[in-house]
Amino acid sequence: MPHKYILKSHFNTDNKFRIDYATELTAEQLAVATAAPGPMLVIAGAGSGKTRTVTYRVAYLVESGVPLDRILLVTFTNKAAKEMMSRAELLLKCDLKEIWGGTFHSLGNRMLRKHAKLAGFNSNYTILDRADSKEVVSACIAETNIDVKATRFPKADTLLAIFGLVVNTGRKLVDVMAFNYAQFEELTDSIEHIFNLYQARKKKNNMMDFDDLLYYWWKLLADNPEVAETYAGKFMHVLVDEYQDTNLLQAKIINILAVHHRNIMVVGDDSQSIYSFRGAHFKNIINFPKVYKDARVFKLEMNHRSTPQIINLANASISLAKESFKKVLRAGRSEGQKPTVVPFNTVFEQATFVAQRMLELREEGHSLNDMAVLYRSHYQSMEIQMELTKRGIPFEVRSGLRFFEEAHIKDVLAHLKVFHNPYDEISWHRILKLLDKVGPRTAEKIFGQLMQSQNPLEAIFSEQILKTVPKAGERGFKNFQGLMKLLSNTKDSPAEMIRIISESNYQEHVKAQYNDFRERLEDLEQLGSYAVQYKDLEELLSNLALVAGIEAETVVEGEARDSEACVLTTVHQAKGLEWKVVFVVWLADGRFPSHLSFTKDEEMEEERRLFYVAVTRAKDELFLTYPIIYSGYDGEVLMKVSRYLEELPENICDKWEVETEEDVKVEIDLSDYGHQHVHYGRDDKFEAIDIKDLDFMK
């Protein structure tokens with residue numbers, strides 16, 4: 001069939017540009033932003049202005065006459081997409097909402113909603129978050145009658161990680177088990193059976209998890225050539241951010257969408273590819289010039305973040321990578337101080353130094369907000385948390401539940417979800433089990449009867465359903481029916497539905513269940529405020545599911561935090577962020593890099609990239625520390641300095657020798673009248689710290 005879209009393959013050079021690109025961009029950035037059509041690979045070094053470059057590229061396409069809805073901009077976070085679009089709108093002083101911009105998952109959801117039938121779903125399918133997915137997997141395990149204790153069966157979280165690798169990498173489950181989960185390899189047949197049950201259960205109940213959004217998006221395009229051709233013709237320019245983090249499935253989708261016009265620009269840094277455990281495929285970016293043989297490779301090597309001394313260290317380390325696009329970062333800033341390597345006898349001395357140095361820097365005028373401690377694994381924050389707590393230094397650990405994973409938020413949204421998809425098993429079970437005297441068995445019976453009805457939302461009011469409820473629970477169930485009646489009358493207003501739920505008997509449930517019920521009720525008020533902008537449930541629920549990783553304070557804009565706090569975070573969570581002062585701790589071989597990677601070349605290469613990401617987070621000062629002695633179950637172990645420090649040229653770092661007080665000791669007292677405390681101090685002088693205040697103990 002003739003193609004629906006016919007457009008020039010070159011830009012409209014007659015346009016007069018509003019933006020002075022040559023003035024506002026560096027030479028490297030300008031070359032990318034104003035490049036001629038065709039396949040492009042942009043290797044964007046750390047701190048090189050990648051976001052700025054992509055933003056100006058979008059602006060240049062618009063000013064060159066490319067229609068807005070013919071541009072596809074794919075990012076890995078909603079925040080990145082919004083930032084680029086808002087910046088471009090400011091530059092061009094016009095509305096760019098018609099551009100197809102967003103994350104892989106949000107764009108997949110957008111196409112699947114339109115073509116759900118072709119993918120085997122109804123268009124009102126529910127998007128499962130992580131907790132919902134765990135519940136479905138747990139139901140599948142229960143269905144098999146597997147004795148999980150007798151067989152040391154993996155938990156639902158682990159099973160979902162296994163299933164995710166299968167879907168996103170295209171590998172067989174048996175291969176994933178052998179390579180990534182050898183400890184459960186003997187259970188492969190049972191796990192595969194649960195995987196099949198999980199897939200079938202989701203499809204039967206019109207539900208998708210996040211992996212499904214990618215898988216069925218790809219399958220929609222792969223199995224329906226006309227649909228694929230329509231979208232490939234539609235998108236004249238395809239731009240992909242953070243390409244080094246894509247998995248095989250995402251690369252396949254992008255290649256299908258770019259096949260017609262071949263105006264594909266992928267941006268990323270092979271040296272910052274650190275998410276293989278999520279299924280990211282390093283070879284996607286490495287092999288791009290092989291897939292697109294006429295691709296032009298651009299490099300952004302001017303670093304605008306760090307001092308020359310920090311850049312020199314980063315270059316020296318990453319230059320030893322076995323496979324990479326060779327690049328040499330150049331610092332755009334003036335001279336600073338050399339990175340500092342500091343060895344310590346113990347991890348406690350290391351923690352003491354970090355805390356003391358923070359206090360000294362603060363005395364010199366630095367804010368705690370400008371300081372961060374980075375580590376390879378979360379447990380490595382333990383002693384530092386204890387020392388900071390002891391000294392009263394406020395800190396934020398980048399972990400814990402996100403806003404939309406909180407139980408009270410999920411409870412309220414579950415009420416909304418059953419009005420959007422009346423066959424949503426997870427949501428029905430969740431709201432039914434909130435009722436007095438309704439346990440899992442009763443909830444299952446009620447749900448079973450609802451599924452036999454043509455309209456579950458009408459059946460919930462029937463006398464037959466009421467007979468299923470124990471006598472002691474009838475009053476509470478009738479109140480629930482009254483709530484559902486109110487919600488059915490206001491389902492065109494998600495915000496009003498949230499208000500009704502918040503002011504119903506559910507409020508009493510929150511007060512009885514949680515000590516911090518005031519904060520939780522305020523959360524619900526914020527959620528309702530956020531929902532005002534949405535006129536229908538589908539739009540609200542899709543958006544909330546796709547941004548479930550955003551913390552509460554970023555959902556509803558409020559006042560900025562006015563207190564100081566340093567940040568403690570793993571390197572993985574620090575990617576994309578920056579601080580004036582960075583401490584990278586536990587740089588001992590076996591800890592960073594991890595000993596688990598020693599026998600796997602690809603993983604050791606990724607460990608090197610992880611170190612590169614860590615050091616390039618620092619703007620002004622970088623401290624690299626490690627303990628020499630570690631006291632464990634087997635006594636004291638002498639540790640070797642990390643190879644990443646040992647291999648650096650001698651003149652690239654300063655080395656400090658720090659005099660410390662007597663060895664710091666830690667004792668855990670669990671017998672203090674049932675209260676758990678950590679006793680922390682030197683010699684016989686101990687201070688009690690409530691164990692609940694320490695994130696590593698959670």
Side-chain angles (χ1 to χ4, degrees), residues 74 76 78 102-140 143 156-157 159-170 173 194-224 227-228 231 246-250 252-253 256 278-279 402 404-405 410 413-414 416-430 447 451 456 536-549:
V74 190
F76 265 80
N78 288 287
T103 65
F104 276 97
H105 295 94
S106 65
L107 292 167
N109 176 60
R110 184 173 176 178
M111 287 192 195
L112 285 168
R113 291 287 184 195
K114 189 173 182 179
H115 307 284
K117 291 291 185 184
L118 293 176
F121 290 83
N122 293 323
S123 61
N124 65 334
Y125 60 79
T126 297
I127 303 174
L128 301 174
D129 64 16
R130 186 75 175 183
D132 290 339
S133 297
K134 283 170 61 177
E135 197 166 335
V136 178
V137 169
S138 296
C140 294
E143 185 179 332
D157 257 335
L159 290 173
L160 285 170
I162 293 169
F163 301 164
L165 281 177
V166 170
V167 173
N168 290 308
T169 64
L173 188 140
I194 291 171
F195 175 69
N196 292 331
L197 287 175
Y198 176 57
Q199 298 300 102
R201 199 178 190 112
K202 286 184 295 180
K203 203 154 195 178
K204 175 185 176 183
N205 293 316
N206 198 35
M207 302 183 298
M208 290 192 202
D209 61 22
F210 268 48
D211 294 327
D212 291 330
L213 290 174
L214 295 182
Y215 175 75
Y216 287 110
W217 183 16
W218 166 74
K219 197 160 177 55
L220 169 70
L221 298 174
D223 293 350
N224 299 276
V227 175
Y231 285 106
T246 55
N247 59 42
L248 281 172
L249 206 52
Q250 290 165 329
K252 287 180 180 179
I253 291 168
I256 290 174
R278 296 181 187 168
R402 302 292 189 180
F404 294 112
E405 294 169 352
K410 291 176 66 63
L413 292 180
L416 273 59
K417 287 179 179 179
V418 298
F419 282 92
H420 176 56
N421 177 13
Y423 299 94
D424 185 339
E425 177 185 13
I426 298 302
S427 295
W428 275 116
H429 275 264
R430 187 175 192 98
F447 179 73
M451 291 303 99
D536 64 78
L537 284 174
E538 179 176 298
E539 186 182 4
L540 172 66
L541 293 174
S542 291
N543 187 66
L544 293 186
L546 293 165
V547 300

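All values reported here derive from a predicted model rather than from experimental measurement.
Between Thr126 and Asn206, the closest side-chain pair of non-hydrogen atoms is not below 4.5 Å. Residues Ile256 and Trp218 meet the side-chain proximity criterion, which asks for heavy atoms closer than 4.5 Å. Leu541 is not listed as a side-chain neighbour of Ile127, based on a closest heavy-atom distance of 4.5 Å or more. Met208 has its side chain out of reach of Lys202: every pair of non-hydrogen atoms, C-beta onward, lies at least 4.5 Å apart. With contacts defined as side-chain heavy-atom distances shorter than 4.5 Å, the pair Asn247/Leu214 qualifies. Counting only heavy atoms from C-beta outward, the side chains of Phe163 and Ile194 approach each other to under 4.5 Å. Looking only at side-chain heavy atoms (C-beta outward), Ile426 and Leu128 come within less than 4.5 Å of each other. Residues His115 and Asn224 fail the side-chain proximity criterion, which asks for heavy atoms closer than 4.5 Å.
Under the salt bridge (Lys or Arg N to Asp or Glu O under 4.0 Å) criterion, Asp132 pairs with Lys410, Lys417, not counting sequence neighbours.
Between the side chains of Arg201 and Asn205, no donor N or O sits under 3.5 Å from an acceptor N or O. Between the side chains of Asp209 and Tyr215, not a single donor N or O lies within less than 3.5 Å of an accepting N or O.
Rounding to the nearest 0.5 Å places CG of Asn168 at 7.5 Å from CG of Leu165. Annotation: the span from Tyr423 atom OH to Phe447 atom CZ amounts to 10.0 Å, rounded to 0.5 Å. Between the CZ atom in Phe195 and the SG atom in Cys140 there is a gap of 11.0 Å [rounded to 0.5 Å]. For the atom pair CG (Leu248) and CD1 (Ile253), the distance works out to 11.0 Å, reported to the nearest 0.5 Å. Rounded to the nearest 0.5 angstrom, Thr103 OG1 and Leu107 CG are separated by 6.0 Å. With rounding to the nearest 0.5 Å, the separation of NZ in Lys114 from CG in Asn109 is 13.5 Å.
When every heavy atom of Asn124 is checked against every heavy atom of His420, the shortest pair comes out as ND2-O, 3.2 Å. For the residue pair Gly164 and Asp211, the shortest heavy atom distance occurs at CA-OD2, 3.2 Å. Of all heavy-atom pairs spanning Leu213 and Leu112, the tightest one is O-CD1, 3.5 Å. The two residues Thr246 and Gln250 have their closest heavy-atom pair at CA-OE1, 3.2 Å. When all heavy atoms of Ala414 and Arg430 are compared, the pair lying nearest together is CB-CD, 3.9 Å.
Geometrically, Arg113 engages Tyr125 in a cation-pi contact defined by less than 6.0 Å to the ring centre and at most 45° from the axis.
Separation of the Phe76 and His105 ring centroids does not fall under the 6.0 Å cut-off.
The only option from Leu416, Val418, Leu413 that meets the side-chain contact (heavy atoms from CB on, under 4.5 Å) definition with Ser427 turns out to be Val418.
Ring geometry for Phe121 against Tyr216 counts as perpendicular: the plane angle is over 60°, on a 0 to 90° scale with 30° as the lower cut.
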